[in-house]
Amino acid sequence: MKMSADQNLSFSIHRHANPHSPDARAALLADPGFGKVFTDHMVTIRWSADKGWHDAEVKARAPLTLDPAAAVFHYGQEIFEGLKAYRVGNGVALFRPEQNARRFQSSAERLAMPLLPENLFIEAVEQLVKIDADWIPDGEGTLYLRPFLLAIEPYLGVRPALEYIFMVIASPVGAYFKGGKKAVSVWLSKQYTRAAPGGTGATKCGGNYAASLIAQSEAMKAGCDQVVFLDAVEHKWVEELGGMNVFFVFDDGSLTTPPLGGTILPGITRDSLITLARRDGRTVREERYSIDQWRADAKSGKLKECFACGTAAVISPIGEIKAADGSFVIGSGDGGPVSDGLKKTLVGIQRGTIADKEGWIRKVI
Ligand code: PLP
Ligand code: COI
């Protein structure tokens, strides 16, 4: 992928005239859940074929007015990212935001959208974190940041749009899974696949999630938290969950995670955990793992733990896999020491309580 070079734009800042009062904000922060509460501001940057990136603004969060013919409504030209701001001592930090910026560029390239320079992506996120820093919950909560890019040109012909808007919104969040439960259950989707070779599986485009929702609703009907997808060609190899990557932990302490082959999202949490586990002396294989092997290893006891990981979910042990042709449980059904240890280390680095040996933390305040 060709990266887009840095570009300087000055952000004009318009503070909300009537932001939430400290009391109203505190009430919302008491139990924010996930993705339901939003801060007072947002960032927008416009792009057009003639002007390139322009009009960078920080302003009051408000609904958008778009032409009903805007391309995004018809052909789904939309990409997004997800990252978090953490309270670190008296300051605030981001975790590997340059990785989100780069993945955003690679998503844009795949969807024939303009590439936002890495420095503008990071500056947009930092501007929002700074102006809405009071919205970062105390304790275990974080501020989830959602950068996204929409094709807004009013045109019904099918070709890449000539006009876009980039935005960042922010949402204070607690645990992704309700009640912050320890282990989650997953539904094995046999009928639906998430991504095929040559498709958009490795990009964070809204369309991938739209296509996964019928399988997610099947999962919910079966009483599961998430859906797990198999590959689209042989319907045999475990790929990832609807919104998280997956790891398997074996009795010899080694780990396996499905390889990045273009059909799964290259998770930043996944990449960080591979580094942390290897640093601990563990063997980590990026290797295909079949559903039959998964079932057999769970039964024999060779598979000790299994976990989902991602920015929203952090690390969530997978306790049970439910499927139309029989369910199975992993180990104790409640996680285990390897996922616990990796979570402690990762969260410790993000929170500044464990040394950041890899240079992953970027201080904002
Ligand atoms: N896989 C999918 C489909 C996702 O939506 C996410 C979340 O962003 C991930 C994996 C994990 O990626 P990351 O660790 O970068 O958040
Ligand atoms: C994230 O982890 O940032 C995601 O986008 C996944 C989604 C389930 C919220």
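Keep in mind that the numbers below use all heavy atoms, side chains included, and drop hydrogens, waters and symmetry copies. Atoms within each ligand, like the ligands themselves, are counted from 1 in listed order.
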Notebook entry, point to check: Tell me: protein heavy atom nearest atom 2 (O) of ligand 2, and distance?
Noted result: A312 N, 2.8 Å
Checklist line | Nearest non-hydrogen protein atom, atom 8 (C) of ligand 2 | finding: Y176 OH, 3.4 Å
Next item on the list: For the residue pair F73 and P68, establish whether any side-chain heavy-atom pair is separated by less than 4.5 Å.
Entry: no
Notebook entry, point to check: Can S212 be said to touch ligand 1, with heavy atoms closer than 4.0 Å?
Noted result: no
Check: What residue and atom, counting heavy atoms only, is the protein's closest point to atom 3 (O) of ligand 2, and at what distance?
Finding: Y144 OH, 2.6 Å
Next item on the list: Examine ligand 1 and decide if any of its atoms is less than 4.0 Å from a heavy atom belonging to Q99.
Entry: no
Notebook entry, point to check: Can you find an N/O atom of T269 closer than 3.5 Å to an N/O atom of ligand 1?
Noted result: yes
Next item on the list: Could you tell me whether R103 approaches ligand 1 through its side chain, its backbone, both or neither, with non-hydrogen atoms closer than 4.0 Å?
Entry: side chain
Item checked: Element-labelled atoms of ligand 2 that are located less than 4.0 Å from some non-hydrogen atom of T311 -> 2 (O), 3 (O)
Check: Below 4.0 angstrom, N of the basic side chain to O of the carboxylate: do D231 and R288 qualify?
Finding: no
Margin query: Show me which atoms of ligand 1 lie under 4.0 Å from any heavy atom of G267.
Written below: 12 (O), 13 (P), 14 (O), 15 (O)
Notebook entry, point to check: Quick one: does T311 get an N or O within less than 3.5 Å of an N or O on ligand 1?
Noted result: yes
Report, one line per pair, each donor and acceptor closer than 3.5 Å where one atom sits in a side chain of residues 22-37; sequence neighbours left out.
none

Next item on the list: List the closest protein heavy-atom neighbour of atom 6 (C) of ligand 2: residue, atom name, distance to the nearest 0.1 Å.
Entry: G243 O, 3.6 Å
Notebook entry, point to check: How close does the nearest protein non-hydrogen atom get to atom 5 (O) of ligand 2, and which residue and atom is it?
Noted result: K204 NZ, 2.7 Å
Check: So does R61 pair up with D132, basic N to acidic O under 4.0 Å?
Finding: no
Notebook entry, point to check: What are the atoms of ligand 1, with element, lying closer than 4.0 Å to any heavy atom of Y209?
Noted result: 2 (C), 3 (C), 4 (C), 5 (O)
Notebook entry, point to check: How are the rings of F121 and F166 set relative to one another: parallel (under 30°), tilted (30 to 60°) or perpendicular (over 60°)?
Noted result: tilted
